[in-house]
Amino acid sequence: MTTASTMGRRRRTLWGLMAVSAIGIAAFAVPPYLSGDPANSNLAINPDATLHFLSLVVHAVPSGLALLIGPLQFLTPLRDRHPRLHRIAGRVYMVSVVCGSLAALFAATFSVSGFPAQVAFYVLTAAWLYSLVQAYRCIRRGEVRLHRIWMIRNYALTFAAVTLRVYLVIGMVLSKQYTWLTFEDVYTASVWASILINVIVAEYVIVQGIVASTARRRRRESA
């Protein structure tokens with residue numbers, strides 16, 4: 001039987017892994033775009049699109065900031081003891097996602113990664129913006145629990161920046177054993193996997209965490 005303390009330790013461990021990986025990817029992915037040199041880009045630049053590199057810069061910097069802020073927003077002590085700080089960080093996160101997603105639309109349009117990857121980025125951006133709007137509407141109406149649910153979904157999409165690179169590394173290792181795997185195949189599969197698997201994990205967390213805890217509380221109240 002899983003005790004409350006065991007579940008608490010598990011949640012803290014998972015939160016720590018999430019925070020450390022978010023910091024690591026942000027530290028790896030953002031600095032090349034701060035140099036202002038297209039040669040340092042982690043992604044191939046479209047030579048026919050003058051503003052392609054600039055759109056990647058505008059996408060990477062605020063998206064990296066959102067990636068760093070996200071784990072802090074899930075800390076219950078921070079929300080309870082410093083609600084004003086939580087709200088300020090939430091506004092910064094929201095602006096970062098909006099800026100990052102709008103730039104992502106332009107970057108995806110001129111991406112040289114292939115049409116399937118472009119479609120994946122369009123889907124990711126649309127879901128990213130939609131879940132943010134829903135979270136904002138819920139908190140404006142005072143629906144805190146629904147706000148948290150939508151923010152779990154939203155940050156799962158933000159966290160795709162981390163899982164994309166994990167799957168990409170795994171795919172590159174596999175491509176050495178299976179020579180028929182091209183980089184484009186690996187990259188496209190990694191992009192789609194980072195979206196779909198993150199969404200599935202987010203829904204699992206929502207069901208097991210928020211919904212299950214609500215059911216347990218109602219049972220205690222009725223008892």
Side-chain angles (χ1 to χ4, degrees), residues 18 21-71 73 89-136 150-168 171 183-184 186-202:
M18 177 180 69
S21 57
I23 293 171
I25 293 301
F28 165 78
V30 176
Y33 296 101
L34 298 177
S35 66
D37 186 358
N40 295 329
S41 174
N42 294 323
L43 297 175
I45 303 299
N46 189 335
D48 298 324
T50 306
L51 299 178
H52 188 206
F53 177 72
L54 179 61
S55 68
L56 290 175
V57 174
V58 177
H59 167 69
V61 175
S63 298
L65 181 58
L67 191 62
L68 294 174
I69 292 175
Q73 297 299 86
R91 294 188 185 102
V92 175
Y93 178 91
M94 183 176 65
V95 172
S96 298
V97 170
V98 171
C99 293
S101 59
L102 293 179
L105 289 175
F106 185 91
T109 301
F110 295 98
S111 172
V112 295
S113 300
F115 181 71
Q118 285 179 305
V119 173
F121 284 125
Y122 285 139
V123 171
L124 173 61
T125 303
W128 204 21
L129 279 174
Y130 179 79
S131 57
L132 182 71
V133 170
Q134 292 301 317
Y136 178 74
W150 280 109
M151 284 308 301
I152 290 173
R153 291 168 175 159
N154 183 267
Y155 190 70
L157 297 171
T158 305
F159 203 72
V162 176
T163 52
L164 165 62
R165 287 161 176 84
V166 173
Y167 300 142
L168 190 59
F183 177 79
E184 183 175 335
V186 171
Y187 187 77
T188 300
S190 299
V191 174
W192 279 106
S194 67
I195 300 171
L196 298 177
I197 295 177
N198 282 24
V199 168
I200 292 172
V201 171

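All residue numbers in this chain count up from 1 along the given sequence. Everything quoted here is computed from the prediction, not taken from an experiment.
- No donor-acceptor contact under 3.5 angstrom links the side chains of S194 and Y167, judged on distance only.
- With hydrogens and angles disregarded, a donor-acceptor distance shorter than 3.5 Å links the side chain of T109 to the backbone of L105.
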*Kindly indicate, with the supporting measurements, whether the criterion side-chain contact (heavy atoms from CB on, under 4.5 Å) is fulfilled by T163 and I197.*
CA-CA 9 Å; T163 52; I197 295 177; over 6 Å; no

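- With S131 contributing its side chain and W128 its backbone, the two residues share a donor-acceptor pair below 3.5 Å.
- In this structure, A108 and F121 approach most closely via the heavy-atom pair CB-CB, 3.8 Å.
- For the pair A156 and N198, the tightest heavy-atom approach, listed with the atom from each and the gap, is O-ND2, 2.8 Å.
- Here the straight-line distance linking atom CE of M151 with atom CE of M94 works out to 10.0 Å at 0.5 Å rounding.
- Partner S96 forms a side chain to side chain contact (heavy atoms under 4.5 Å, CB included) with one of V61, L65, T158 and no other, that one being L65.
- A tilted orientation is assigned to the rings of F106 and F110, their planes being inclined by 30° to 60°.
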*Is there a side-chain contact (heavy atoms from CB on, under 4.5 Å) between V199 and L157 once you walk through the steps?*
CA-CA 7 Å; V199 168; L157 297 171; 4.0 Å; yes

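- Heavy atoms only, all atoms of each residue included: G36 and P38 are closest at O-CD, 3.5 Å.
- Dense packing is recorded around OH of Y122, with more than 12 heavy atoms of other residues, nucleotides or ligands lying under 6.0 Å away.
- Residues L129 and V98 come closest through the heavy atom pair CD2-CA, 4.3 Å.
- Side-chain contact between Y33 and H59: absent, with no pair of heavy atoms (C-beta onward) separated by less than 4.5 Å.
- To the nearest 0.5 Å, atom CD1 of residue I195 and atom OG of residue S190 are 11.0 Å apart.
- Y93 and N154 are linked by a side-chain donor-acceptor pair at a separation below 3.5 angstrom, with hydrogens and angles left out of the test.
- Side chain of H52 to backbone of I45: no donor-acceptor contact under 3.5 angstrom is found.
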_Test log, rule ring-ring contact (aromatic ring centres under 6.0 Å, His included), inputs W150 and Y130_ = CA-CA 9 Å; W150 280 109; Y130 179 79; 5.7 Å; yes

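- Interatomic distance, S101 OG to L132 CG, rounded to the nearest 0.5 Å: 8.0 Å.
- Nearest heavy-atom pair across N42 and A29 is ND2-O, 3.3 Å.
- Of the inter-residue distances, the one linking F183 atom CZ with T188 atom OG1 reads 9.0 Å to the nearest 0.5 angstrom.
- Across all their heavy atoms, Y155 and G70 have their closest contact at CE1-CA, 3.4 Å.
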*In sequence, state the C-alpha distance, the side-chain angles, and the governing distance for L56 and S41, and then conclude on side-chain contact (heavy atoms from CB on, under 4.5 Å).*
CA-CA 8 Å; L56 290 175; S41 174; 3.9 Å; yes

*Could you walk me through whether F159 and L164 pass the side-chain contact (heavy atoms from CB on, under 4.5 Å) test, one step at a time?*
CA-CA 9 Å; F159 203 72; L164 165 62; over 6 Å; no

